[in-house]
**Q** 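Below you'll find the structure I mean.
The structure displayed is predicted, hence computed values, not measured ones.
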Amino acid sequence: MFKRILVPTDGSAPARRAIKRAVQFAREQKARVIGFYVGPPWQLPIYSDYVPPEVLSPKEHAAAVKRTAARYLAAVKQAARAARVPCSVRYVMAPHPYDEIVKEARRRRCDLIAIASHGRRGISRLLLGSETSKVLAHSGIPVLVCR
Amino acid sequence: MFRNILVPTDGSALSRRAVDCAVQLAKQQKARVTGLWVGPAWEPNLYAYGDSVPPGFVSRKQHAEHVRSAGERHLRAVREAAAAAGVRCTCACVEGAFPYLEIVKVARRERCDLIVMASHSRRGISRLLLGSQTSRVLALADIPVLVCPP
C-alpha cells in the first residue's frame, strides 16, 4: 500500500523511536525508506551592532550541519540495514523544517511520512510537536504520527 | 505490525477516505478494523424537572435509540468497505460530548494499536489547521495515529 516512506529526523529520542517503527512498517510494506534531516541555515549572530568573535563562517557552519546530518541519518541507515529495507538519506539547510519535509515528500514522490509526535522541543501531553503539526496541516499524503 | 485498527467516522465524505485507507491497510496487514461513531451526549432538558414536559423533550432512552440508529447508518460504510475487502470488522457506537475523549477511550478498551483519521472533516478545511478532533486525538493517544489528508 505504501511504497516510499519519508522519515524526517531531528536526532532526538522520540525521532529515533519513530525511525524504528517506520523501518519495521516499511519492511512489512516492502517499502523504501528515505531518511531526511533539515539543518538550520547559516545566520550571522548579531546583537545590535556587536558581532561576537567566535562566529562560524558559512563554510564552517555547512560542515557542522553536514556532520550533524551524518550522525542523525546514520540511525536511519543502520535501522534500515538491520531490517534489510532499501534506504536513502538526504539533508538540507533551511529555516522551516516542515516546509522542507512536505516539499521533499513531493519531490521524492513519497506516499507516506512517518514522524514522531514530538521532537527536540520536548513533550507536552496537551500539544503536538510544532513541526509535526505543521507537517500534518500542509502534507498532501498520509502521515503516520508515532507516539 | 498492526493488529487492530480503530477508524472513527463522523459520516462525512472526508472520513470516508480514512475508512478506505484503514480497510486497505488492514487487508494488507491481516488486521481487523474497529469502526467507531461518537454521538452527542444526552442533555437533560431543564423544563423536564418540573411537572410540565415540553413537546420537544427527548428522554434518555429515546436519545440512546436515536444515537444507535444514526450510528448504524454511519457505520454501515465501514462494515460494507470491510466486507468488500474481506477484513474482519467490529463496530462501536458511543455517546459523548467530547468525541476525542471517546475515541481515545475506545482505542484503549478495544486494545487498538493504530488510529486512522482524516485530517479534516465535519468542520471543514482550513489548510493551516488540523481538524479539531484529530488534533486532540493526536495529543492524547498513546498509540500511533495515521492522518489521511483530504
**Q** Check this for me: Arg111(B), atom CZ, are more than 12 non-hydrogen atoms of other residues, nucleotides or ligands nearer than 6.0 Å?
**A**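 Counting neighbours around CZ of Arg111(B), 12 or fewer heavy atoms of other residues, nucleotides or ligands fall under 6.0 Å, so no.
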**Q** Quick check: is Leu56(A) connected to Tyr91(A) through a chain of hydrophobic side chains (ILVMFWY, heavy atoms under 4.5 Å apart)?
**A** no
**Q** For Arg108(A), I'd like to know if atom CZ has over 12 heavy atoms of other residues, nucleotides or ligands within 6.0 Å.
**A**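 Result for CZ/Arg108(A): enclosed.
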**Q** Which atoms of Ile143(B) come close to chain A, meaning under 4.5 Å heavy atom to heavy atom: side chain ones, backbone ones, both, or neither?
**A** backbone
**Q** Relative to chain A, which segment of Gln28(B) carries a heavy atom at a distance below 4.5 Å: side chain, backbone, both, or neither?
**A**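 Contact with chain A is through the side chain of Gln28(B) alone.
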**Q** Report, as yes or no, whether the 6.0 Å neighbourhood of atom CD on Gln62(B) holds more than 12 heavy atoms from other residues, nucleotides or ligands.
**A** yes
**Q** Under a 4.5 Å cut-off applied to non-hydrogen side-chain atoms, are Arg21(A) and Met1(B) in contact?
**A**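 Of all side-chain heavy-atom pairs linking Met1(B) with Arg21(A), at least one is under 4.5 Å.
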**Q** Might you work through the side-chain contact (heavy atoms from CB on, under 4.5 Å) test for Thr132(A) and Leu138(B), ending with a clear yes or no?
**A** CA-CA 10 Å; Thr132(A) 298; Leu138(B) 277 164; over 6 Å; no
**Q** For Arg32(A), is the CZ atom crowded, meaning more than 12 foreign heavy atoms sit under 6.0 Å from it?
**A**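 For Arg32(A), atom CZ is crowded (more than 12 foreign heavy atoms under 6.0 Å).
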**Q** Side chain, backbone, both or neither: which part of Leu112(A) has a heavy atom under 4.5 Å from chain B?
**A**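 Contact with chain B is through the side chain of Leu112(A) alone.
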**Q** Is it true that atom NZ of Lys3(A) has more than 12 heavy atoms of other residues, nucleotides or ligands lying nearer than 6.0 Å?
**A**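 It does: Lys3(A) NZ has more than 12 such atoms within range.
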**Q** What are the two closest heavy atoms between Pro149(B) and Gly140(A), and how far apart are they?
**A**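 Reported closest heavy-atom pair: CG-O, 3.1 Å.
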**Q** Closest heavy-atom contact between Leu25(B) and Gln29(A)?
**A** CD1-NE2, 3.5 Å
**Q** Looking at Cys148(B), Cys21(B), Ala18(B), which one has more heavy-atom pairs under 4.5 Å with chain A than the rest?
**A**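 Answer, by heavy-atom pair count under 4.5 Å with chain A: Cys21(B).
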**Q** Sort Ile115(B) into side chain, backbone, both or neither according to what part of it lies under 4.5 angstrom from a heavy atom of chain A.
**A** neither
